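Here the structure is laid out as structure tokens; the discussion comes afterwards.
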Amino acid sequence: MQKKIILLEEIKPIFIKVLENEELILTLESSSKEIEEWDSLNHIQIVVAIEKHFKIRFTSREIQGWQTVGDLIDTILEKTS
Amino acid sequence: MDFLSLDFFLFYSILLLFHWLPKISNALYQNIIILIGNYIFYYLIDKKSVPILLFISLISFLSGIFFLYGKKMKNLYLKLSFVCILFLFLFFKLSNNIYNFLLDFNFYPTTKGAFNILLPVGISYYIFKSLSYLFEIKKDVKNVEKNILNYFCFVSFFPCILAGPIDRTTNFLPQIKLVRFFNYTLAVNGFRQILWGLFKKLVIADNCTMITAEIFHNPDSYPGSTLLIVLFLYTIEVYADFSGYSDIAIGVSKTFGINIKPNFNYPFFAKNIRDFWRRWHISLTSWLTDYVYSPLSIYLRYFNKGGQFFAIILNFLVVGLWHGAKTNYLLYGLLHGFYFAPSIFTPLKKQKTWLFSRSIQTLVTLMLVTLTFVVFKTNNINECIEYYSRIFSKSIFSEPKFENSILVLFLIIMSIIMFCIEWISYGNNEEFGIANLHKYYNIYIRWFIYIIIIITIGVYMNTTNSSFLYFKF
């Protein structure tokens, strides 16, 4: 759980930069449904930025399987451990 | 049987009674009633296409079963089923075009138009429903539906079979598996939604057709000012017709205890094109986002903005093609693609503030969308160019001339009333114009409103055009 919180803080600046929202509140339960600027277009930019930051590569299946930020973080954890 | 007819009203009432009255609280019974109703309805609308509906339902259902229990061959069955259904879709959409194209090169010794495959009613909608099921089971095997009755109910669900909304199994099946208990609030809201849909369709859309049908195809006889007003009326007509149908479809579903997701979310209050497409024909655009745009943009993500641009243009070309394999629909799609694409290259903050106020942004968006309906509606490129050149000419300042100015004025007033009512419900975050009125008004005011609407429909409805625009897709 601790690792997830650390990762959440690490990816938050990426979300803030892409969505251009300094006041963004991001939790493990956050999804595109609550965040207005987060649509399918910005989603890809976020994905690419995260891949570059962690030097990992997601599969299409993984990307399309995420429902929340928590799911995204779980995948990052799998790939970085 | 016409959708807006006494026959349908009788069919619907009888089905509703059979569904709710018996003291059998059992999902199986309710679903059998719905399935019988679905096929009676489709048989009466388009009897020759019943085998096609059955075939598509059966092969998509079976691919789920094979996917679940098949071992080595499961992906093959899924792909075969997908190709087969897609082939049927393209066959019906493209066959007339391919035939005429071949004729141009003298492959057939007959005249153009002699070969005319009629599109089965609703095929674009139920094909997309069954294709979405194939995508969902590929994503997660838990989405496979083992109950053939439930799945067939989904594909053939009669309120949505003619012109959508294009529902998903993930929304529909969890509801149909459970017994529905009569929910008074939901049923009343369903009736309100049907009433609102009838108002938009019968009073606004059908009367707009009286003005737009003739003038649109004879632009050279009218000044730019007339053509501009007609264009706005046509935009309102498409909205009132299609959202009116969707309201009736969703309202009818609610009276059976089934919630279908909205197909429109006040599109003319959109602040930009991107927002517009989140609000217009939502079931189609979300289908395309999930199954065309997202996979493509994920695949092309390392091409950065170029990749996204390509994915957007292709997505909107599919929007156009879905309407039909005619140049004007493809151009319509392409135009929206080029409207949409700049938002990839513009920072989000600039998109929010570029025209200072929200109202101006909304009006500009409305204007841009309205202009695309010239391409959508005109029969050929000459008509289209004539229409645009007249709007953008000096004749836009001349006095508009109409044979029936009173009808035009009536429609402008009715449209303003419709938008005012929708503006209020939009502000209240309600699903449609007269949703949940019990939250805001007492019973006397509510019934006063219903009676006014019913009288308006009774007095002003135009029954010369009893079909819906989007039935032809």
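In what follows, chains are A, B, ... by sequence order, proteins preceding strands, each numbered from 1. Please read all numbers here as calculations on a predicted model, not as lab measurements.
Interface with chain B: from residues 61-73 of chain A, residues A:Arg61, A:Ile63, A:Gln64 qualify, criterion being any non-hydrogen pair under 4.5 Å.
For A:Lys3, the NZ atom sits in a loose shell: 12 or fewer heavy atoms of surrounding residues, nucleotides or ligands are nearer than 6.0 Å. At most 12 non-hydrogen atoms from other residues, nucleotides or ligands lie less than 6.0 angstrom from CD1 of A:Ile25. Atom CZ of B:Phe310 is surrounded by 12 or fewer heavy atoms from other residues, nucleotides or ligands within 6.0 Å. Within a 6.0 Å radius of NZ in B:Lys79, no more than 12 heavy atoms belonging to other residues, nucleotides or ligands are found. For NZ of B:Lys139, the number of neighbouring non-hydrogen atoms (other residues, nucleotides, ligands) closer than 6.0 Å is greater than 12. Residue B:Met73 qualifies as open at atom CE: its count of foreign heavy atoms under 6.0 Å is 12 or below. Surrounding NZ of A:Lys79 are more than 12 heavy atoms belonging to other residues, nucleotides or ligands, all under 6.0 Å away.
We find the OG-CZ distance between A:Ser40 and B:Arg274 to be 7.5 Å, quoted to the nearest 0.5 Å. Expressed to the nearest 0.5 Å, how far OG1 of B:Thr289 lies from NE2 of A:His43 amounts to 12.0 Å.
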Between B:Gln308 and A:Gln45, is a side chain to side chain contact (heavy atoms under 4.5 Å, CB included) present by the stated rule, with each step listed? CA-CA 10 Å; B:Gln308 284 181 61; A:Gln45 291 179 56; 3.7 Å; yes
Run the side chain to side chain contact (heavy atoms under 4.5 Å, CB included) test on B:Tyr299 and A:Ser60 for me, step by step, so that the C-alpha distance in whole Å, both residues' side-chain angles and the decisive distance to 0.1 Å come before the verdict. CA-CA 7 Å; B:Tyr299 183 72; A:Ser60 297; 5.6 Å; no
In sequence, state the C-alpha distance, the side-chain angles, and the governing distance for B:Trp277 and A:Asp39, and then conclude on side chain to side chain contact (heavy atoms under 4.5 Å, CB included). CA-CA 12 Å; B:Trp277 283 101; A:Asp39 62 11; over 6 Å; no
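Using a 4.5 Å cut-off between heavy atoms, A:Ile44 contacts chain B through its side chain alone, with no backbone atom that close. The contact between B:Ser297 and chain A is made by backbone and side chain atoms together, counting heavy-atom distances below 4.5 Å.
Looking only at heavy-atom pairs under 4.5 Å with chain B, the residue among A:Val48, A:Leu41, A:Val47 that has the most is A:Leu41.
Considering every non-hydrogen atom in both A:Arg57 and B:Tyr302, the closest pair reads CG-OH, 3.1 Å.
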